[in-house]
Structure formats: structure tokens, C-alpha cells
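Positions are given from 1, in the same order as the sequence printed here.
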Amino acid sequence: MSTPPTAAEPAARPGTPHGPDIAKVRAAVRGGTLAYFVDQFDIYLPIVVLAPATAYFQAANLSASTTALLASLVFASTLIGRPLGAVIFGHFADTVGRKRTTLVAVGGFGAITLLTACLPGHETIGMWSVGILIALRFVDGIFLGGEYTTAVPLAMEWSPKHKRGLYASIITSTSPAAYAVIAAITLLMLQLLPSAGLHSAYVQWGWRVPFLVGALLAAVLFRYYLKQVHEPPTELTGEKHKLPLVRLLVKYPRALGQVFVLMTGTWLATNMEAAVTPAQLKAHLELSSKQVTLTMLVINAAAALSYPLFGMLSQRIGRRRFYIGYGFSMVVLGAGSYTLLMASNGGFGAALGFGVLIGVFTVGTFGPIAAYLTERFPASIRSTGYGVGYSLALIAPAFYQFYLQQFDGFMPAHLAPGVLIVLAGLLISLGGFLGPETKDVDMADDSTIPKLS
């Protein structure tokens, strides 16, 4: 006599590839992919788009160090806002529902991005211009922190166990892909519009176009979730708790601490690749704005193509072994490629060549990260655990400019980022080592979390 199908069997579990809800599975994964792309498109906008338009927001007589500090604060303020958004929206995702909370977060960052596109410059309102920009990016970070805290767990809860690594990597591959798209748009704008001088077309209004594109993408994403994506079934989201953050901190501090170590390394490496590398390409290698933009496009396109490979690799060998190995690869290949590029001073051709290795071996941690973090926490606090674990570690790496300044007098400024990439790789390996294997975890099981074998 046959036994009833278990929770892991396709016929019984919504969200398996042969189950009755395959359309909902696909809608959730497509929604998570689009959401992550729009999120990352928004967060990288100021790094790429505003770099040639710094003069619009800042006084002309500022020192180079002050200009660099203010530019880093525009990016850092977004990163600092994300943990707060993860706490707020993670709470409502675990208590009210993933879909409704996602809609609020998407509507919020879409509106902020639109407001940013309308900002007046320093000539009009003085230093208030950059101050308001930093403040808006902070609020934007809150909503962005809410978006991935809700949309990604929703997609992973619908995903079948044996495909979580692949689906996670497809979702997260949109991060470098978004950077590459922004770089391509900016490259096109710089090709079409003059960008030299405060009153050039790009500096005065050209930079606004990508922000308007970001706001439009948020509107498309909002409509997609409203019409196409369904709330996961209750057996996958677990029992509702009134205070999921308290439950996370009290019952699962070790899991949160281990994720914090891994994600601190992940974000530190990300900042070196996304924010510091383009600055050094311009300052040390003396590449033009167009060459820097094209190099960053190549770096992030290479990273995007590597994510599915890393996701499938983690599905085969396990998430734990993947992160231990990838961290050491970052130490050797990621830091090595960056250092060789800067030390060789080989110009544009070398930047494109080494850029491929830099892209693959600095931010590849994100390949299976969506699967790993959702598997790491039980169902009833999954959004809170994912969001806080993913975002809390953003804060310390956000002050990368301060850390780099500590190397002044010890080594050239263009080589110091390589040291931080080494540190990032070691933290990722340590974080992977401290954690358990999770790839076979049952998303519906709210009684335990995976133990270290």
C-alpha cells in the first residue's frame, strides 16, 4: 500500500516542478529576479551615473579628499539604511505577509528614486543639494532593504529544493547585470552628451535619465507583484510570531552571528569591486570616464555570467564547502588580479583583461546567497533572519573609505584595496566554516535550523 506523499514530494508540496502550482513557482522566481534587478539597479545608480556629474552637487573649491568623502557618503547612506529597512519590513513580512510588504517597499523606493531625479544642484540651493541627496539615499536604502527582505524569501519558499541553488543564482546574477546595464546606459549618455564642465548637458540633466528609468522599473515591478505573484502557502511561511526580531535574537543568535561574519566579508569585497575599483581606474590608471564605465561593464558582466555556475556548484558540493573554497579563491585570484592590475599600470587593455577575474572572484559569493540565507533560518522568522543577516553586515563595510585612509603612509592608495579584498575572502571562508550545510533543508520545517555537522 502506498504511503501519503511527504512534504518533500512533488505531488504534495506547492512549489515543486511537477506540482499543481508550477505557474506560481515561475511567477515567484520571475518576480524575485525582477525585484533583485530593480533593487540593484537603484542602489548602484549614484556610483556610476553621478560620478561624471559630481560638480552638480558640490562646490567647485572642495578638496579632492572632501569630494571623495561626500561621494562615498551618497553610497554609504543607502547601505546604512538597508539594515533598518530589513528590520522593519522583515517584521511585517513574517507577521502580515510577504507579498503585501513587498508592494509597500517597491512603491517606496520607486517614489524616492523619482524624487532624486528632480533634485536641484549646488548652484541653486548650495550644500543642501548634496545633503538632500544623501538623506534621500538613506530613506531609499530603508525601502530597498525591505524589498529584498520580502521578495527573495518569497521566491525561495516557492522554489523546489533541488533547484534552489540555480534559482537563487539566477536571481542574484541580476546584481552585476544591473550594474552592467547602468554602465551601458551611462556610456551611451556620455557618448551622446557633453560632460565636461558644470554647465554641460550631462552634468545638468543627463544624469537624471537613468534615475527616471529606475523609477519606471519600480512601477513595472509593483504592477507585476500586484497582478502575478502569490503569497506562499502557510506551511512554507510558518507560524506567525508577534516579535520575529526578538525571536531571532533570543533563539538563533549563533546563526545570525555566523551569517554576519560571512556577509561582512561579502559586502567588503562588493564595495572594493563596485565603489573603489572604478575610482582607482580613473585616479591611478588615468582611464577616461568612458573607459572606466566600459571596464566596469566588463567586470560585472563576467560576474553575472559566473553566478549560475556558482549556484549550481553549491547545489552539487554544498553551500558550506562552496563558501569555504570561494573565500580562499578570492584571497588568491580576486586580490591577486586587482593588485596585478594596479601594479602593472597596463592601461585600458589590462583593465579589461584583469577585469574579468576581478568580477568573477570578488562578488561571486552572491551566487547561491539567496538560497543559503533563506535555508539558514526557520520559516516563521525567515524574512527577518534573511533581511537582518543580509543587511546588518552592510554597516561596517560601508565605511570603506575610512579603512583605506588608515593605510596612508604604509602603502600606495591604489594597492590598499587589495588588502581589504584579502580580509574579505578570509571572512567569507570563516563564515562558511562556522555554518552548517543547508542545501537539503526543508523550507516548511519550523522546528529546527540546520546544525553544524
When the side chains of residues 177-193 are checked against the rest of the protein, which donor-acceptor pairs come out under 3.5 Å, sequence neighbours left out?
| unit_1 | atom_1 | unit_2 | atom_2 | d |
| --- | --- | --- | --- | --- |
| Tyr179 | OH | Ala274 | O | 3.0 |
| Thr186 | OG1 | Ile182 | O | 2.8 |
| Gln191 | OE1 | Lys290 | NZ | 3.4 |

Less than 3.5 Å apart, which donor and acceptor atoms pair up between the side chains of residues 410-428 and the rest of the protein, not counting sequence neighbours?
none

Name each donor-acceptor pair under 3.5 Å that joins a side chain in residues 397-406 to protein atoms two or more places apart or in another chain, with its distance.
| unit_1 | atom_1 | unit_2 | atom_2 | d |
| --- | --- | --- | --- | --- |
| Tyr403 | OH | Ala396 | O | 2.6 |
| Gln406 | NE2 | Phe402 | O | 3.0 |

Could you tabulate the donor-acceptor pairs under 3.5 Å formed by side-chain atoms of residues 38-51, not counting sequence neighbours?
| unit_1 | atom_1 | unit_2 | atom_2 | d |
| --- | --- | --- | --- | --- |
| Gln40 | OE1 | Ser175 | OG | 2.8 |
| Asp42 | OD1 | Arg137 | NH1 | 3.2 |
| Asp42 | OD2 | Thr113 | OG1 | 2.2 |

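In this structure a side-chain-to-backbone donor-acceptor pair under 3.5 Å is present from Glu437 to Arg320. A donor-acceptor pair under 3.5 Å is absent between the side-chain atoms of Lys439 and the main chain of Gly165, judged by distance alone. The backbone N or O of Ile170 sits nowhere less than 3.5 Å from a side-chain atom of Thr174 that would complete a donor-acceptor pair. A donor-acceptor pair is defined here as one N or O able to donate and one able to accept, closer than 3.5 Å; such a pair exists between the side chain of Ser391 and the backbone of Gly387. A side-chain donor-acceptor contact under 3.5 Å links Arg321 to the backbone of Ile317. At least one donor-acceptor pair under 3.5 Å links the side chain of Ser429 to the backbone N or O of Phe328.
Residue Ser169 is tested with Ser306, Pro368, Pro308 for a side-chain contact (heavy atoms from CB on, under 4.5 Å); the sole match is Pro308. Screening Ile132, Val130, Leu119 against Ile125 for a side-chain contact (heavy atoms from CB on, under 4.5 Å) leaves a single residue, Ile132.
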Test side-chain contact (heavy atoms from CB on, under 4.5 Å) on Thr270 and Thr362; report intermediate values, then the result. CA-CA 7 Å; Thr270 300; Thr362 57; over 6 Å; no

Worked verdict on Leu294 versus Phe348 for side-chain contact (heavy atoms from CB on, under 4.5 Å): CA-CA 10 Å; Leu294 183 57; Phe348 184 46; 3.5 Å; yes

Apply the test side-chain contact (heavy atoms from CB on, under 4.5 Å) to residues Met342 and Leu281: give CA-CA distance (whole Å), side-chain angles for both, the deciding distance (0.1 Å), then the verdict. CA-CA 8 Å; Met342 293 300 163; Leu281 289 174; 4.2 Å; yes

Apply side-chain contact (heavy atoms from CB on, under 4.5 Å) to residues Phe361 and Tyr326 and explain how you reach the verdict. CA-CA 8 Å; Phe361 292 104; Tyr326 184 83; 4.3 Å; yes

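Taking the six-membered ring where the residue is Trp, Phe310 and Phe322 present tilted rings, their angle falling between 30° and 60°.
By the ring-ring contact (aromatic ring centres under 6.0 Å, His included) test, Phe211 pairs with Trp207, sequence neighbours left out. Thr365 meets the side-chain hydrogen bond (donor to acceptor under 3.5 Å, both in side chains) test with no other residue; sequence neighbours excluded. In this view, Phe366 and Trp267 satisfy the ring-ring contact (aromatic ring centres under 6.0 Å, His included) rule, not counting sequence neighbours. Applying the side-chain hydrogen bond (donor to acceptor under 3.5 Å, both in side chains) rule to Asn271 yields no partners; only residues at least two apart in sequence or on another chain are considered. Take Ser289 and apply the side-chain hydrogen bond (donor to acceptor under 3.5 Å, both in side chains) test, not counting sequence neighbours, and it matches Lys282. Under the side-chain contact (heavy atoms from CB on, under 4.5 Å) criterion, Ala371 pairs with Met156, Arg164, Ala168, Arg319, Glu375, sequence neighbours left out. Tyr56 pairs by the side-chain hydrogen bond (donor to acceptor under 3.5 Å, both in side chains) definition with Arg208, not counting sequence neighbours.
The existence of a salt bridge linking Arg98 and Glu157 is confirmed by a sub-4.0 Å separation between a basic side-chain nitrogen and an acidic carboxylate oxygen.
Other residues, nucleotides and ligands contribute only 12 or fewer heavy atoms inside 6.0 Å of the CZ atom of Phe92. Heavy-atom neighbours of Arg100 CZ from other residues, nucleotides or ligands within 6.0 Å: at or below the threshold of 12.
Residue pairs that meet the ring-ring contact (aromatic ring centres under 6.0 Å, His included) test with at least one member in residues 101-125, sequence neighbours left out, do not exist here.
Under the 3.5 Å distance criterion, with hydrogens and angles disregarded, a donor-acceptor pair is assigned to the side chains of Thr384 and Asp94. In this model, a donor atom of one side chain and an acceptor atom of the other lie less than 3.5 Å apart for Arg376 and Gln258.
Within the 4.5 Å cutoff, the side chain of Leu262 has heavy atoms near those of the Tyr372 side chain.
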